[in-house]
Each structure stands twice: as structure tokens, then as C-alpha cells.
Amino acid sequence: MTSSAQADIGVIGGSGFYSLLDGASAVPVSTPYGEPSEAPVVGELAGRRVAFIPRHGAGHRFPPHLVPYRANLWALRSLGVRQVVSLSAVGSLRADLGPGTLVVPDQLVDRTHGRPHTLFDGGTGVVHVSFADPYCPHGRAAALGSGQPVTDGGALVVINGPRFSTRAESLEYQHNRWTIIGMTAMPEATLARELALCYTTLALVTDLDAGVEAGAGVTHTEVFEQFAANLPRLRELLVETVKRLPDEQPTDCDCGQTYAEVPPPFDLP
């Protein structure tokens with residue numbers, strides 16, 4: 001693979017981010033898990049080589065529970081990526097974090113089901129992977145040092161979708177003091193760790209969850225309108241975060257050291 005097809009940083013997000021990359025070109029990648037959502041696009045962003053994959057594919061054709069997460073992460077690593085920034089639209093479980101708030105979460109809660117959650121299947125054997133702190137401290141530091149107004153920390157609970165929560169479910173999540181709610185961070189974060197990738201999420205609040213506000217509850221239209229309205233701010237946060245990411249994958253975080261003691265029973269790309 002030519003050097004122009006290689007990247008140090010991967011970005012997973014919406015199709016609205018294609019225009020960010022200078023000199024972008026598609027790089028088709030085959031993986032053991034089928035095709036990624038779209039062929040990664042590789043180009044320059046903030047002076048860094050970046051590979052971008054739209055999580056839901058062209059035309060938003062993959063709902064959250066059908067996104068080819070394993071293929072997406074495998075494709076990024078095979079292009080040389082070692083640090084991943086995930087962009088996500090989320091609901092808020094706190095009234096003080098309204099639409100337009102940018103959050104850099106530090107914890108995850110998995111409430112998904114029926115999705116392939118691991119690369120360790122098909123007789124490959126198992127290596128237990130540490131996941132106590134799912135986000136890379138260096139990636140989070142880059143985002144928090146961006147100069148952009150962001151909320152530092154919080155637990156992101158991931159539901160299966162594509163439906164939104166009932167009020168009772170939302171109240172349960174609030175009772176547990178979780179902060180924001182989304183549909184795509186898992187198994188994406190787990191797979192990143194299994195592939196020894198640093199992983200950071202930049203979350204944009206698009207709505208208050210059903211148990212937080214009165215009325216009809218969150219709607220599909222509301223989410224997309226808020227995301228579009230605040231897209232420039234999320235883009236700016238992404239650019240500033242990419243600028244501040246380490247030039248090479250750090251050696252003092254758990255992310256890239258996943259297999260320091262026991263190697264995986266498969267060949268990493």
C-alpha cells in the first residue's frame with residue numbers, strides 16, 4: 001500500500017465531515033469481517049494524515065445495530081491508524097447539558113444486544129482485554145486542551161436503537177447518574193481496544209432524553225436539526241483535537257499496550 005494511502009489518525013463520524021480532508025481519496029479495504037460502511041477516505045487534516053469512515057454509510061443506510069463496526073475498525077488499523085476519534089450525536093440525561101453541549105466522556109455503559117461485540121470468535125481463542133477505562137487519556141487530553149468549551153467527563157450509556165428510550169428507561173439511566181445516551185459507541189470502543197487502538201469520543205448533545213424533558217420526547221427530526229445546527233462547532237473541536245494528538249501512539253496508556261503480556265490469537269493488520 002502506498003504511503004499516500006496510509007494514515008496515523010482515524011475519524012469515524014457522519015458524512016458531513018468528508019469536506020474537512022484536503023487531497024482526499026478513497027482507499028478500498030477488504031477485511032475478514034466484510035466491507036466497512038464505506039471505503040475509507042484518506043487525506044490531510046490539520047497537517048496530519050487522517051482516514052475517515054462515515055459510520056452509517058452513504059445515505060445513512062446502516063442503522064445503529066447494523067453498522068459493520070468490526071470491518072470499520074479493522075479497515076482503519078490496516079491503513080496504519082493507531083489513534084481513533086469518534087464523533088457522535090447523543091441525548092442528554094441532565095437538564096443542565098442541553099442541546100449544543102459538547103461532551104468528552106470518560107466512561108461507557110453497554111446496554112446493546114445482538115451485535116458482534118468482539119474479534120475473538122470463530123475459534124480464534126480468547127485474550128481478556130482490560131477495559132476499565134475505555135477512553136484514551138491522551139485523546140481526551142487533546143480534546144480538553146483544544147480551547148473549545150466542552151464538558152469534561154461523564155458516562156455514555158449505549159442503547160441498541162434504532163428506537164429512543166421510554167421515559168422509564170431514561171429515568172433509570174438518570175437514577176444511575178449516567179450523563180449522556182447514544183447508540184453507536186459500543187461495540188466500537190471495545191473493538192478499538194481489541195485492535196490496540198487509542199479511542200476518544202467527541203459527543204454533541206442534540207436533545208434532552210425522554211425522561212428529562214416534558215412533551216412528546218425526542219424525535220428523529222429534532223436530532224438531525226440540532227446536529228446540523230451545531231456541526232461547525234463539532235468540526236472545530238475535531239480539528240483542534242487532531243492537532244493536539246500525539247505524533248505517535250503513546251506507550252504509557254492501556255490502549256496500545258493491550259497485548260503487552262499476551263498476544264492476540266490472530267494477526268493484527
Side-chain angles (χ1 to χ4, degrees), residues 1-88 115-124 127 129 136 139 184-202 238 241-242 245-249 255-256 258-259 263-269:
M1 188 175 293
T2 64
S3 59
S4 63
Q6 294 283 293
D8 303 314
I9 298 167
V11 174
I12 304 175
S15 57
F17 290 88
Y18 271 119
S19 59
L20 273 181
L21 300 183
D22 295 326
S25 59
V27 182
V29 179
S30 296
T31 85
Y33 305 99
E35 299 300 314
S37 298
E38 292 291 336
V41 173
V42 178
E44 297 279 339
L45 177 63
R48 311 293 295 274
R49 293 294 294 173
V50 172
F52 171 75
I53 293 180
R55 182 184 288 114
H56 297 282
H60 214 83
R61 68 183 186 276
F62 291 110
H65 63 296
L66 295 179
V67 170
Y69 296 100
R70 295 192 293 183
N72 287 349
L73 272 298
W74 189 278
L76 289 177
R77 181 170 172 105
S78 69
L79 293 176
V81 166
R82 296 297 181 265
Q83 301 179 84
V84 175
V85 179
S86 164
L87 307 173
S88 185
R115 307 179 183 191
H117 274 69
T118 181
L119 303 172
F120 296 109
D121 59 12
T124 58
V127 174
V129 175
C136 178
T184 58
M186 292 293 288
E188 197 171 85
T190 304
L191 298 169
R193 184 61 57 88
E194 289 188 352
L195 285 167
L197 299 170
C198 293
Y199 183 84
T200 306
T201 286
L202 310 179
L238 171 64
T241 299
V242 166
L245 286 174
D247 291 336
E248 297 181 356
Q249 186 175 33
C255 316
T258 296
Y259 302 115
F266 52 78
D267 293 328
L268 290 173

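Between Q83 atom CD and L197 atom CG the span is 9.5 Å, to the nearest 0.5 Å. Taking OG1 of T190 as the reference point, atom CG of L195 lies at 11.0 Å (rounded to 0.5 Å). If you take CG on L45 and CG on L238, they are separated by 5.5 Å, rounding to the nearest 0.5 Å. To the nearest 0.5 Å, the span separating CZ on F52 from CG on L21 amounts to 7.5 Å.
Using a 4.5 Å heavy-atom cutoff, the side chains of V42 and Q6 are not in contact. Between L268 and Y259 there is a side-chain heavy-atom pair separated by less than 4.5 Å. Side-chain atoms of L245 and V85, non-hydrogen and from C-beta on, do get closer than 4.5 Å to each other. With a 4.5 Å cut-off on side-chain heavy atoms, V129 and F120 count as touching. Annotation: side chain of E248 is not in contact with side chain of D8 (no heavy-atom distance under 4.5 Å). Between R61 and H56 there is no side-chain heavy-atom pair separated by less than 4.5 Å. You'll find the side chain of V29 reaches within 4.5 Å of the side chain of P40, heavy atoms only.
A donor-acceptor contact under 3.5 angstrom links the side chains of R55 and S86, judged on distance only.
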Could you go through residues 68-76 and list every donor-acceptor pair under 3.5 Å that involves a side-chain atom there, pairing it with any protein atom two or more places apart or in another chain?
from: Y69; atom 1: OH; to: P64; atom 2: O; distance (Å): 2.7
from: Y69; atom 1: OH; to: R115; atom 2: NH1; distance (Å): 3.3
from: R70; atom 1: NH1; to: T118; atom 2: O; distance (Å): 3.1
from: R70; atom 1: NH1; to: D121; atom 2: OD2; distance (Å): 2.7
from: N72; atom 1: OD1; to: S37; atom 2: N; distance (Å): 2.8
from: N72; atom 1: OD1; to: S37; atom 2: OG; distance (Å): 3.4
from: N72; atom 1: ND2; to: S37; atom 2: OG; distance (Å): 3.0

message: Under the criterion salt bridge (Lys or Arg N to Asp or Glu O under 4.0 Å), I'd like the reasoning laid out for E194 against R77: C-alpha separation, chi angles, the key distance, then a yes or no.
response: CA-CA 11 Å; E194 289 188 352; R77 181 170 172 105; over 6 Å; no
